[in-house]
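A, B, ... follow the sequence lines: proteins, then strands. Residue 1 opens every chain.
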Protein chains: 2
Amino acid sequence: MHKRAERILMSPTRHSDALRAAQMYYLQDLTMDAIARELRTSRSTVSRLLSSARESGLVQIQIRNPLDTGPELESLIRDTYNVDAHVVPVLETLNEAETLDRVAMQAARTIGPLVDSNAIIGVAWGSTLSAVSRHLTRKITHDCVIVQLNGAGNMHTTGITYASDIMRRFGSAYGARVEQFPVPAFFDHAATKTAMWNERSVQRILELQSRMSIAIFGVGSVDADYPSHVYAGGYLDESDLGILAGSDVVGDVATVFFRGDGSSDGIVLNERSTGPALAELKQVRRRICVVSGASKINGLRGALTAGLATDLILDEASARRLVGFDGAA
Amino acid sequence: MHKRAERILMSPTRHSDALRAAQMYYLQDLTMDAIARELRTSRSTVSRLLSSARESGLVQIQIRNPLDTGPELESLIRDTYNVDAHVVPVLETLNEAETLDRVAMQAARTIGPLVDSNAIIGVAWGSTLSAVSRHLTRKITHDCVIVQLNGAGNMHTTGITYASDIMRRFGSAYGARVEQFPVPAFFDHAATKTAMWNERSVQRILELQSRMSIAIFGVGSVDADYPSHVYAGGYLDESDLGILAGSDVVGDVATVFFRGDGSSDGIVLNERSTGPALAELKQVRRRICVVSGASKINGLRGALTAGLATDLILDEASARRLVGFDGAA
DNA sequence: AACCTATATGCACAAACGTGCAGAACGGAT
DNA sequence: ATCCGTTCTGCACGTTTGTGCATATAGGTT
């Protein structure tokens, strides 16, 4: 009755045909035509079989960049910030949206191979993560859990994709259970947070978060050209924004704010925020930060200085600004 | 001066162009045309960049078969012989040579991902291994060693590709040092072998063999349609062949013979053979057996019964015969 | 049985791709 | 500077591949 057959289940024979086709195409270099003859079907069907083999994660394509010979940009970032950098080649003339799309696609495919069975994957929300979630490639895993990193207030929803959509996409890409975090992004009063944090339903999520093996997030930057929706989306009121402007806060990760030197102590807003404390986040083995758009550079610098990420995926222009040489060579 | 620039060293800019192209093509789904415009070159150059990225191992394509849903043939073999089976889909109407070629290609690409830095890889010789060696894809590793498993007598050379060629191809695919085993396949007298085995030059090889992390070999079968060249190539004389025929020997791995029940004790020929004793071979963590051609089935059964392989790559027809149902369903 | 909906197939066309070839660019050697 | 051998490049062509559309097929509902 419903139209949403979200989980794509291939019939067994179709699945095994896809496998055979993939083997013949990618491992034996046969043409689709030749494969079609062997499978007694049409070439176009083979083309579609191969598509589904790729989409379903049956075929894994990955690019291993021998670190030593790689572009010096990545090594430079690696050395400066102690983070595994993946620079996405993007023509500088593209607009923000196109850049984001390409960064997101490459991020999604870079993340894929890192996800394994029994992983607990923390996911933030925001336009970056939304874009990433739209490009995930399927991968068959067992007993993975996707857990939401921070609440997503729902007073305004200004066209931004809901956090739950992001989570759902991650969940269905990896066949994982999804655990949402049903609290607002910010509480109005720190006391309410304290109270909620003692609720068993919330503690269950916090407990999951404490056992995360992978965390995936973007960064917000207070001075971004078009600011993260955290700053613009009505989550914070005038006085909150005033406080931020008056302090040295440069950005946030999962609605937890920090200063340019990576510190976050004494930022009162964080007491009402629902994201994981930075110290807690840093317990996670693999922390993947995705950034697109050079205007987030200040927030990003802070996040890296704070050591929040182990892996960084960002566009080339931002990468260049990050290490200093903006324009030419 | 010399023409052999065996090791393909790409210029740094070409290498980084290849990397960028690969990222854009495989990770961002751009067309070669679009990539060409971004790299300010022609589409055909991009096509070639991508080829070289694949060949040089920059792009790794692998097929992960979710074991539970996989073709039941593989599970059946796995359960019967306790070996990780990779069945290569091949049309049964193909001739031996074509089948071998396709099995070899898929074997080569299956082996690739298993090779890692610091591996010591033992390699046998024979027509199967020769075919495999011709299809290896490059992979950048550090400090790997390729060590020859058994001597290759050189009295006859009847058009068979030399063992040293096989070794060399493995070596250059993985950027590994190659250690040949400069002894005949069989000694005429066991005493000579004993003497040689005390030579330091030989002991160095034996020591390497004892530390192998991967071994790759085919099987010989005494009753094969066109027998392994061990049986036909003049390595053994009339009386030797008589002994084999008179015993219950079914086949060999790296010129070491065994019976159908997997035993090898008391086979006198083995005392003059230069391959690793079966017990020694079984110390190796990963033992990959490649088989093409259903006529090797008896030798293969013996080898599997002896537990010589941890991984088995073979064509579909042989796989079917191996588990019983030859013809139809 | 009749119907409906969702999915799979093959055809035909357009888009994307690989490769032989001839000329350009490079890098020594003389 | 000139020569020669090698490698790289772009073009042009034929091949291979993706995809909209119309049709067929399967699965479920009335």
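Of the candidates D/dG10, C/dG10, C/dC13, C/dG10 carries the atom nearest the A/Thr45 side chain, counting heavy atoms from C-beta on.
The side-chain contact (heavy atoms from CB on, under 4.5 Å) with A/Leu312 is formed by just one residue from the set A/Asp84, A/Val290, A/Val291; it is A/Val291. For the side-chain contact (heavy atoms from CB on, under 4.5 Å) with A/Leu30, the lone residue among A/Arg37, A/Gln23, A/Met24 that qualifies is A/Met24.
Judged by distance alone, with hydrogens and angles left aside, the side-chain atoms of B/Asp315 form a donor-acceptor pair with the main-chain N or O of B/Gly293 at under 3.5 Å. Using modelled atom types, no side-chain atom of B/Glu38 and backbone atom of B/Ile35 make a donor-acceptor pair closer than 3.5 Å.
Across all strands shown, B/Ser42 has heavy atoms under 4.0 Å from base atoms, whether or not it also approaches the sugar-phosphate. No contact: A/Ser51 has no heavy atom under 4.0 Å from any strand. As judged by a 4.0 angstrom heavy-atom cut-off over every strand, A/Ser47 is placed among the base-contacting residues.
Put simply, CZ on B/Arg54 is 10 Å from C1' on C/dC17, counting in whole angstrom units. The interatomic distance linking B/Met24 (CE) with C/dC17 (P) rounds to 13 Å, in whole Å. One interatomic measurement links the two molecules: CG of A/Leu49 to C1' of C/dA8, which rounds to 10 Å at whole-angstrom precision. B/Leu39 places its CG atom 11 Å from the P atom of D/dT9, with the value rounded to the nearest Å. Note: CG (B/Leu30) to P (C/dA15) measures 18 Å, nearest angstrom. Rounded to an integer number of Å, the gap from OH of B/Tyr25 to P of C/dA16 is 10 Å. In this structure, CE of B/Met32 is placed 15 Å from C1' of D/dG10, rounded to the nearest angstrom. Atoms CZ (A/Arg40) and C1' (C/dT9) sit 17 Å apart, rounded to a whole Å.
Using a cut-off of 4.0 Å between Lys/Arg side-chain N and Asp/Glu carboxylate O, B/Asp17 and B/Arg20 are scored as not salt-bridged.
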Polar pairs (N or O, both sides) under 3.5 Å between protein and nucleotides 20-24 of chain C?
none

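Judged by distance alone, the side chains of A/Ser133 and A/Ser130 never bring a donor and an acceptor atom under 3.5 Å apart.
Of the inter-residue distances, the one linking B/Leu314 atom CG with B/Cys289 atom SG reads 8.5 Å to the nearest 0.5 angstrom.
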